Q: 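Here it is, the structure, as structure tokens.
Note that the structure is predicted; figures quoted are calculated from it, not measured. What you see below is based on every heavy atom in this structure, not just the backbone, and it leaves out hydrogens, waters and symmetry mates.
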Amino acid sequence: MDGLVIGLDLNDEYTQISCYGKEISWTIPTVICRKKEEEIWLTGEEAYAATLLGEGVIVDKLLKMVQKEGTSTIGGVCYTGALLLRIFLQQVLEYPLKEEGKKTVSQLVVTMQEMDARLTDTLMYCADAMGISRDRVHVVSHTESFVYYVLSQKRELWSNQVGLFELAADRLCYYEMKVQRGMRRNMVQAEAQNQEEAFDLDILGTPSGQKLADQILTSCGEKLLSKKLFSTVFLTGKGFERQDWAGGFMKLVCSRRRCFVEKELFSRGAAFKGQDYLNSATEYPYIFVCEGRLKAEVDLKVMQKGKEILLAVASYGDNWYESKSSLELILEDEKEIEFIISHLDSRKKKVVKVPLSGFPDRPPKTTRIEMNIGFKDENTMVTVIKDRGFGDLFPASGAVVRQEVSL
């Protein structure tokens with residue numbers, strides 16, 4: 001497909017867009033404005049300008065509106081948060097499409113600080129409305145985008161641990177990743193930690209505020225980077241667009257390690273992931289253990305050709321939102337379904353039993369069930385089991401069991 005591979009970093013403050021293989025990128029405030037007299041929509045800086053002139057009504061915090069199922073009434077018309085987000089995305093995706101002279105998106109990877117089921121569902125609805133098929137749209141966490149960005153750099157930059165400080169208007173977040181080799185499969189482990197030391201970027205407007213911010217960051221960096229061997233530290237976020245105020249912190253992070261500032265790190269990482277979907281074989285042959293990926297394996301004991309086997313229904317490192325299974329089984333005389341949940345730490349292995357409450361009693365091998373498995377988040381599996389009967393002799397009873405299982 002002759003389309004663009006786009007990485008899109010989406011949050012309530014701003015949206016950043018990067019295209020695979022392209023230097024140009026876009027940073028757009030996540031706001032939308034409708035003109036008062038007609039249904040003409042503006043986004044970003046144009047939305048602010050029209051609002052200042054009194055020509056339109058602006059709406060911000062689009063992601064929070066979606067999560068709270070909120071609405072906004074403009075010109076007597078009530079708009080849902082989902083619709084406003086779709087209009088916003090449709091408009092901002094025109095920036096790269098027009099710049100590159102393309103009409104289609106071959107892969108769109110949206111990255112957010114935290115993955116949320118309702119928001120992800122809404123993004124899929126937006127893709128439908130924009131004519132982008134769902135198999136070309138993926139949603140990942142900032143942590144995963146960080147991993148893809150780092151693994152796309154020279155190997156010497158990630159031979160040891162890698163750190164990332166994100167200094168945004170509303171948070172200070174620290175990310176850390178490490179590639180582990182020598183196991184059955186190579187593994188990447190990464191995590192993010194919001195820091196209590198976060199501060200308002202407005203304090204950078206005065207010399208005394210800059211000094212305080214530098215002291216806060218330096219203290220935080222000493223705590224997080226000490227006693228560990230780092231190959232590289234990356235810096236991203238609005239607070240690091242300039243570094244002249246952070247002399248002490250920069251001296252710390254550049255000591256005995258490489259340090260890079262990458263403004264569009266998350267959107268570029270998402271674009272690298274998007275391109276990998278188009279490759280015949282992945283360039284990232286690792287199990288990813290990070291936010292947005294499953295940290296446990298789920299198996300089901302079944303009989304196949306007279307032998308008991310473990311049937312994997314979810315694996316380590318699967319994207320929890322995209323991990324879905326559907327299967328049909330014939331019961332011997334079981335009154336419950338057993339799931340075996342295994343973690344990297346073998347001591348956490350457990351068996352979870354789901355009772356088939358309300359299912360009719362039938363002779364052995366005369367009950368067929370349909371089982372659908374998905375995930376509410378990376379720590380919660382949802383299983384729905386339906387009685388499908390067994391032909392005309394034992395019609396389906398309509399019995400359904402739905403249960404959430406903590407991994």
Q: Indicate yes or no: at least one non-hydrogen side-chain atom of I309 is less than 4.5 angstrom from one of V302.
A: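 Yes. Closest side-chain heavy atoms under 4.5 Å.
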Q: Indicate yes or no: does E13 engage K238 in a salt bridge with an N to O separation below 4.0 Å.
A: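 Looking at K238 together with E13, the answer is no, because their closest N to O distance does not fall below 4.0 Å.
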Q: Classify the side-chain pair S342/Y316 by whether it contains a donor and acceptor separated by less than 3.5 Å.
A: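 Not at all, the side chains of S342 and Y316 share no donor-acceptor pair under 3.5 Å.
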Q: For the residue pair A82 and V66, what are the closest heavy atoms and their distance?
A: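 In terms of heavy atoms, the two residues are closest at N-CG2, 3.9 Å.
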Q: Name the orientation class of the two ring planes belonging to Y277 and H138 (parallel below 30°, tilted from 30 to 60°, perpendicular beyond 60°).
A: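 Ring orientation of Y277 relative to H138: parallel.
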Q: May I have the list of side-chain donor-acceptor pairs in residues 190-198 shorter than 3.5 Å, sequence neighbours left out?
A:
unit_1	atom_1	unit_2	atom_2	d
N194	OD1	Q113	NE2	3.2
Q195	NE2	Q193	O	2.9
E197	OE2	K223	NZ	3.0

Q: Does any part of the side chain of Y48, heavy atoms only, come nearer than 4.5 Å to the side chain of L53, both counted from C-beta?
A: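 No; the side chains remain at least 4.5 Å from each other.
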Q: Under 3.5 Å, side chain of T236 to main-chain N/O of E262, donor-acceptor pair present?
A: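 Flag set: sc T236 to bb E262 pair under 3.5 Å.
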Q: Run the side chain to side chain donor-acceptor pair (under 3.5 Å) test against D387 and tell me which residues pass, sequence neighbours left out.
A: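 Side chain to side chain donor-acceptor pair (under 3.5 Å) check on D387 returns R362, S397.
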Q: Taking side-chain hydrogen bond (donor to acceptor under 3.5 Å, both in side chains) as the criterion, tell me which of D116, D121, T120 meets it with Y321.
A: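 When side-chain hydrogen bond (donor to acceptor under 3.5 Å, both in side chains) is applied between Y321 and each of D116, D121, T120, only D121 qualifies.
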Q: Does the structure place the NZ or CZ of K263 under 6.0 Å from the centre of the six-membered ring of F266, at an angle of no more than 45° from the ring's axis?
A: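 The answer is no; the distance or angle limit is not met.
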Q: Under the criterion side-chain contact (heavy atoms from CB on, under 4.5 Å), which of V188, N160, V162 is the partner of K178?
A: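 Of the listed options, the one satisfying the test is N160.
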Q: State, to 0.1 Å, how close C78 and T71 come at their nearest heavy-atom pair, and which atoms those are.
A: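 Scanning both residues completely, I find the closest heavy atoms to be SG-CB, 3.6 Å.
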Q: Any chance NZ of K301 has more than 12 other-residue heavy atoms, nucleotides or ligands included, within less than 6.0 Å?
A: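 No, the 6.0 Å shell around NZ holds no more than 12 heavy atoms from other groups.
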Q: Without swapping roles, check the side chain of S323 against the backbone of N319 for a donor-acceptor pair under 3.5 Å.
A: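 No: the side chain of S323 does not pair with the backbone of N319.
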Q: Using atom types as modelled and distance alone, determine if a side-chain donor or acceptor of R118 lies under 3.5 Å from a backbone N or O of Q67.
A: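 Side chain of R118 to backbone of Q67: a pair is present.
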Q: Between D200 and D202 (side chain of the first, backbone of the second, donor and acceptor by atom type, cut-off under 3.5 Å), is there such a pair?
A: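 Pair found, side chain donor or acceptor close to backbone of D202.
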Q: Between F230 and E176, which heavy-atom pair has the shortest distance, and what is it?
A: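 Heavy-atom minimum between the residues: CZ-OE1, 3.5 Å.
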Q: Mind checking what makes side chain to side chain donor-acceptor pair (under 3.5 Å) contact with K102, not counting sequence neighbours?
A: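 K102: side chain to side chain donor-acceptor pair (under 3.5 Å) contacts with D2.
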Q: How close do V137 and E322 get, counting heavy atoms only, and between which atoms?
A: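 Here V137 and E322 meet closest at O-OE2, 4.2 Å.
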Q: A side-chain contact here means heavy atoms from C-beta on lying under 4.5 Å apart; do Y149 and R268 qualify?
A: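 Counting from C-beta outward, Y149 and R268 do come under 4.5 Å.
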Q: Answer yes or no: are there more than 12 heavy-atom neighbours, outside K211 itself, under 6.0 Å from its atom NZ?
A: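 No, not enclosed.
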Q: Less than 4.5 Å apart, any side-chain heavy atom of T104 and any of L97?
A: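 Contact flag for T104/L97 side chains = no.
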Q: Can you check whether I17 reaches I6 side chain to side chain, under 4.5 Å on heavy atoms?
A: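 I17 reaches I6 side chain to side chain.
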Q: Atom CZ of F272 and atom OG of S267: how far apart are they, to the nearest 0.5 Å?
A: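 Separation between the atoms: 10.5 Å.
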Q: So, for S231 and E156, which heavy atoms are closest and what is the spacing to 0.1 Å?
A: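 Closest approach of S231 to E156, heavy atoms only: CB-O, 3.8 Å.
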Q: Using atom types as modelled, flag every donor-acceptor pair under 3.5 Å from a side chain in residues 334-341 to any protein atom, sequence neighbours excluded.
A:
unit_1	atom_1	unit_2	atom_2	d
E334	OE1	E332	N	2.7
K335	NZ	D361	OD1	3.0

Q: Does any non-hydrogen side-chain atom of L157 lie less than 4.5 Å from one of R155?
A: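 No. Closest side-chain heavy atoms not under 4.5 Å.
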Q: Which residue in the set R347, H343, K348 passes side-chain hydrogen bond (donor to acceptor under 3.5 Å, both in side chains) when paired with D345?
A: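 Passing option: R347.
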Q: So D60 and D12, do their side chains get closer than 4.5 Å, heavy atoms only?
A: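 Not in contact.
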Q: Any donor and acceptor pair, going by atom type alone, linking the side chain of S255 with main-chain N or O of K251 inside 3.5 Å?
A: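 No, the answer is negative, given that no donor and acceptor are paired below the 3.5 Å cut-off.
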Q: Parallel, tilted or perpendicular for W245 and F199, by the 30°/60° rule?
A: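 Correct class here is perpendicular.
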Q: Using only atom types and a distance under 3.5 Å, with no angle test, would you say the side chain of D276 pairs donor to acceptor with the backbone of E283?
A: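 A pair under 3.5 Å: yes.
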Q: If you look only at distance, which donor and acceptor atoms sit under 3.5 Å apart when one is on a side chain in residues 20-36 and the other is two or more places apart or in another chain?
A:
unit_1	atom_1	unit_2	atom_2	d
K22	NZ	E100	OE1	3.4
S25	OG	E264	OE2	3.1
T27	OG1	Q16	NE2	3.2
T30	OG1	N11	O	2.8
T30	OG1	Y14	N	3.4
T30	OG1	Y14	O	3.2
T30	OG1	T15	N	3.3
T30	OG1	T15	OG1	2.8
R34	NH1	Y79	OH	3.0
R34	NH2	K36	O	3.4
K36	NZ	G54	O	3.2

Q: Are the side chains of F240 and F165 in touch, meaning some heavy atoms are under 4.5 Å apart?
A: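 In contact.
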Q: May I ask you to decide if S141's main-chain N or O and T111's side chain share a donor-acceptor pair within less than 3.5 Å?
A: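 Yes, the answer is positive, given that a donor and an acceptor are paired below the 3.5 Å cut-off.
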Q: What pairs of donor and acceptor atoms, side-chain ones from residues 288-298 against any protein atom, are under 3.5 angstrom apart with sequence neighbours left out?
A:
unit_1	atom_1	unit_2	atom_2	d
E291	OE1	T143	OG1	3.4
R293	NE	E144	OE1	3.0
R293	NE	E144	OE2	3.1
R293	NH1	G317	O	2.4
R293	NH2	E144	OE2	2.7
K295	NZ	C290	O	3.2
K295	NZ	E378	OE2	2.6

Q: Taking atom types as modelled, find out whether N372 and S326 have a side-chain donor-acceptor pair closer than 3.5 angstrom.
A: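 Per modelled atom types, N372 and S326 side chains form a pair under 3.5 Å.
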